[in-house]
Protein chains: 2
Amino acid sequence: MTTSTAPAAAPQHSVIDELVCFALYNASHAITQTYRSVLAPWGLTYPQYLVFVVLWNEGAMPLGDLGRRLELDSGTLSPLTRRMEQAGYLERLRASDDARVVTIALTAEGERMREELAAVPACVAGAMKLDQSTAMQLRGMLHQLADDTRAFDAASSDPTETTGAPDAGR
Amino acid sequence: MTTSTAPAAAPQHSVIDELVCFALYNASHAITQTYRSVLAPWGLTYPQYLVFVVLWNEGAMPLGDLGRRLELDSGTLSPLTRRMEQAGYLERLRASDDARVVTIALTAEGERMREELAAVPACVAGAMKLDQSTAMQLRGMLHQLADDTRAFDAASSDPTETTGAPDAGR
DNA sequence: CACAATTCAGTTGTGCGCAACCTAATGGTC
DNA sequence: GACCATTAGGTTGCGCACAACTGAATTGTG
């Protein structure tokens, strides 16, 4: 009715709110959204920013190594790095000793972005409103969760695994 | 080079926030991967499963309400629900009293999927290896994080917000 | 009633994210 | 050298996720 009061669309409690998985999915999207607006001035996406972080801290490396750190495969990183190359942030170089390998290396412009984007983490941290101890606790839980879950995924798709008894009817 | 010991003169926010964001991003993908393999026999995706969960528990509702619960907009839910309709799981009905509204309602087949998929949560929980108290603690942190972050996103994109003095030249 | 503002769903375009597949290059074996 | 399995990156196809836009329906106001 009056000005801009809440139009009765308050966050109602729904069943999905009880699911840890949905909380994870939802929080992840919310963070990505924050990065989207923070990175918008440079036309960067969150996965592209993650590529920057790895390369800034560890230097040039093959595309496969990058994928292992970010848990992304070539189907994702191939086009993603091509876009970053076209934007002038990095180069993709065929290794001379092994022609299968493509080394991903920052350009001078890409290195310069390290200072350009120095304020990004603090900006996102401001949105997250997490104190240090909670952040570390949360990070630990999430690492554990990702490790356990990926181990499960690998085991259930790989019949050579010997873990897990052949429990028939569960 | 890695495993930096205490960064003496580190400013308030440093790499730690980054790691939390990536841990979240990574864990979310890992869980989605688990759902992917668990739901594969029915050709369902994780967001489609979430739609089922909401509709099973709350019954038919407009597409917009569904989007508010899942934090997804019409650009995502419109094609998603069309695929689920084509698969025979639900119907999309124009409301008679308001022709703008499309009500999403499960078919008998969609209702039957509730028993069909009853084992899914336990299966995914088995992959996650979380005890109840940790799960609840994690869920609480993630809800808080998502709420804070979305509030920040909304405030920074909506100048009509009156929360605090809007920083002029920023 | 006229008409502007708002609401709701849909469409288009871009960028992940991943399965499935392809090709080229490499290494091991004979 | 011929053969084969493996490895690295690329391509295709599909389904999200979201910004930006469209268009129809509804509501508020005079």
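- Between A:Glu71 and B:Val101, the residue anchored closer to the 5' end of DNA chain C is B:Val101, taking for each the nucleotide with the nearest heavy atom.
- Note on B:Val101: it does not cluster hydrophobically with B:Met84, by side-chain heavy-atom contacts below 4.5 Å among ILVMFWY residues.
- Residue contacts shown for A:Gly64 are limited to sugar-phosphate atoms, with no base heavy atom under 4.0 Å away.
- Taking 4.0 angstrom as the limit, A:Arg83 places a side-chain polar atom (N or O) nearer than this to OP1 or OP2 of C:dC16.
- Contact between the side-chain N/O atoms of B:Tyr25 and the OP1/OP2 oxygens of C:dC16 is not found at any separation under 4.0 Å.
- Contact annotation for B:Pro62: backbone-only contact, meaning every heavy-atom pair under 4.0 Å involves sugar-phosphate atoms and none involves a base.
- Between the side chain of B:Asp73 and the backbone N or O of B:Thr76 there is at least one donor-acceptor pair closer than 3.5 Å.
- Regarding B:Leu66, its CG atom lies at a distance of 15 Å from the C1' atom of D:dC16, rounded to whole Å.
- As rounded to whole Å, 14 Å separates atom P of C:dA19 from atom CG of B:Leu39.
- Rounded to whole angstrom, the span from the CZ atom of A:Arg36 across to the P atom of C:dG15 amounts to 12 Å.
- A:Asp65 comes within contact range of no nucleotide atom at all, as no heavy-atom separation falls under 4.0 Å.
- In the set C:dT26, D:dA8, C:dA9, C:dA9 carries the atom at the smallest distance from any side-chain atom of B:Val102.
- Of the charged side-chain nitrogens involved, none lies within less than 4.0 Å of a carboxylate oxygen, so that A:Asp153 and A:Arg150 do not count as a salt-bridged pair.
- Among the protein residues, A:Leu80 comes within range of the sugar-phosphate backbone only, with heavy atoms under 4.0 Å from sugar or phosphate atoms but none that close to a base.
- Whole-Å rounding puts the B:Leu77 CG to C:dG10 C1' distance at 12 Å.
- For A:Arg92, no side-chain nitrogen or oxygen approaches OP1 or OP2 of D:dG9 to under 4.0 Å.
- For B:Ala99, the side-chain atoms get nearest to D:dT26 when compared with the rest of D:dG10, D:dT26, D:dC16.
- Between A:Arg82 and A:Glu85 there is no salt bridge, since none of the side-chain N atoms of the basic residue sits less than 4.0 Å from a carboxylate O of the acidic one.
- Atom pair A:Leu93:CG and D:dA8:P shows a separation of 18 Å (rounding to whole Å applied).
- Taking atom OH on A:Tyr46 and atom P on C:dG15, their separation rounds to 19 Å, with Å as the unit.
- The two atoms that bring A:Ala60 and A:Leu55 nearest to each other are CA-CD2, 4.5 Å, heavy atoms only.
- Listed nucleotides: D:dG9, D:dT26, C:dG17. Nearest to the side chain of B:His29: C:dG17.
- Ring planes of B:Tyr49 and B:Tyr35: tilted class, angle from 30 to 60°.
- The distance from atom CG of B:Leu70 to atom C1' of D:dC16 is 13 Å, rounded to the nearest whole Å.
- One side chain, B:Gln33 or B:Arg36, offers a donor N or O that lies under 3.5 Å from an acceptor on the other.
- Side-chain nitrogen and oxygen atoms of B:Arg100 include none within less than 4.0 Å of the OP1 or OP2 phosphate oxygen of C:dT6.
- One finds a side-chain N or O of B:Gln33 lying less than 4.0 angstrom from the OP1 or OP2 phosphate oxygen of C:dA19.
- To the nearest angstrom, P of D:dA17 lies 16 Å from CD1 of A:Ile31.
- Taking for each of A:Arg94 and B:Leu72 the nucleotide of DNA chain D with the nearest heavy atom, the 5'-most of the two is the partner of A:Arg94.
- Close to D:dT11, at under 4.0 Å from its OP1 or OP2, lies a side-chain N or O of A:Arg82.
- Among the nucleotides C:dT26, C:dC18, D:dA17, the one closest to any side-chain atom of A:Asp98 is C:dT26.
- Between B:Ser74 and C:dA9 there is no side-chain N or O to OP1 or OP2 distance below 4.0 Å.
- Here B:Thr45 lies in heavy-atom contact (under 4.0 Å) with sugar-phosphate atoms only.
- Checking C:dC8, D:dC18, D:dA8 against every side-chain atom of A:Arg68, the shortest atom distance belongs to D:dA8.
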